[in-house]
Amino acid sequence: MDNRSISTVVIITTMQTEAHPLVNKFQLKEDLNPVFPMGVPWVRYFGTYKDLNINIIWPGKDTILGVDSVGTISASLVTYASSLALQPDLIINAGTAGGFKAKGASIADIFLASDVAFHDRRIPIPVFDLYGVGLRQAFPTPNLVKTLNLKVGKLSTGDSLDTSPKDEASIVSNDATIKDMEGAAVAYVADLLKVPAIYVKAVIDIVDGDKPTGVEFLQNLLAVTAALDQAVTEVVDFINGRCLSEL
Ligand code: ADE
């Protein structure tokens, strides 16, 4: 068992609205000599907060369309590049998610995912089906969950904000309470590179509710990102001075 305190943390975000308040909270600076290849939109903010080296990674704006680079491709690329460059002790994937009220999710709830899997990689051939689902477990954090009184649930990931009937069937089969567009991709890379990873997700829309997802998402964006940033700060405060086995 590794009893060293956690020292370097990489926080993978997606939206600028999620990243910026955290950058200010931890008083981080943008890396102007990036550890990333020239020309990519990925941004690293870094600094020390308490005893931790904190890195917030934001995949940046799409170079052609100028919107936040949401989804699994950007998430896996930045997780890979930042893990190789920074050798973190822990990855925190922080973001917003859709929640299922039938599974106990409400707007602005903060979840720590116990398991993550994909719901839009359907490959109906034996064993490839399981590869498509890509189920992985989050690093176990029983003390963090108890101390911060967080909700725990399974997270299902896909590259669409909406939920097609086939996606819905896979989400049910994944037994998921929350749904995002990055978690399982971060988990895949974290597992490849053997970096412990946790998933802090704030519920911004109710998937099995009656409001259109896009409308509800934009309506709740500011309030829910504030709740997310508060939760991530509490998670980082808890991690500070602790080793992995104490989480
Ligand atoms: N992120 C926030 N809300 C989401 C939803 N309903 N589906 C996928 N990703 C999301």
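Every number for a ligand or one of its atoms is a count from 1 in the order of the listing.
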Evaluation steps, side-chain hydrogen bond (donor to acceptor under 3.5 Å, both in side chains), between Asp62 and Ser69: CA-CA 5 Å; Asp62 180 82; Ser69 305; 5.1 Å; no

Test: Lys101 and Asp208 ion pair at under 4.0 Å: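 Salt bridge flag = no for Asp208 with Lys101.
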
Lys25 with Asp229: basic N within carboxylate O range, under 4.0 Å: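 Looking at Lys25 and Asp229, the cut-off is not met.
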
Numbering the atoms of ligand 1 from 1, which are under 4.0 Å from a heavy atom of [X]?
X      : value
Ile204 : 2 (C), 3 (N)
Phe217 : 2 (C)
Thr213 : 6 (N)

Closest protein heavy atom to atom 1 (N) of ligand 1, given as residue, atom name and distance to 0.1 Å: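 Closest protein heavy atom to atom 1 (N) of ligand 1: Thr96 O, 3.6 Å.
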
Heavy atom of the protein closest to atom 6 (N) of ligand 1 (residue, atom name, distance):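 Result: Asp205 OD2, 2.8 Å.
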
Nearest heavy atoms of Pro37 and Trp42, plus distance in Å: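 The pair with the smallest heavy-atom distance is CD-CZ3, 4.0 Å.
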
Ligand 1-proximal atoms of Leu161, by part, heavy-atom distance under 4.0 Å: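 Within the 4.0 Å criterion, Leu161 contacts ligand 1 through backbone and side-chain atoms alike.
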
Nearest-option assignment for atom 4 (C) of ligand 1, heavy atoms, candidates Ser160, Gly95, Gly158, Gly98: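 Result: the heavy atom closest to atom 4 (C) of ligand 1 is in Gly98.
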
Proximity winner for atom 7 (N) of ligand 1, if only heavy atoms of Met15, His119, Lys179, Glu216 are counted: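 The nearest heavy atom belongs to Lys179.
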
side-chain hydrogen bond (donor to acceptor under 3.5 Å, both in side chains) evaluation trace for Thr163 with Lys179: CA-CA 9 Å; Thr163 309; Lys179 156 182 190 282; 3.2 Å; yes

Row check, Tyr188 ring normal vs Arg136 NZ/CZ: under 6.0 Å, within 45°: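 No, Arg136 does not lie over the aromatic ring of Tyr188.
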
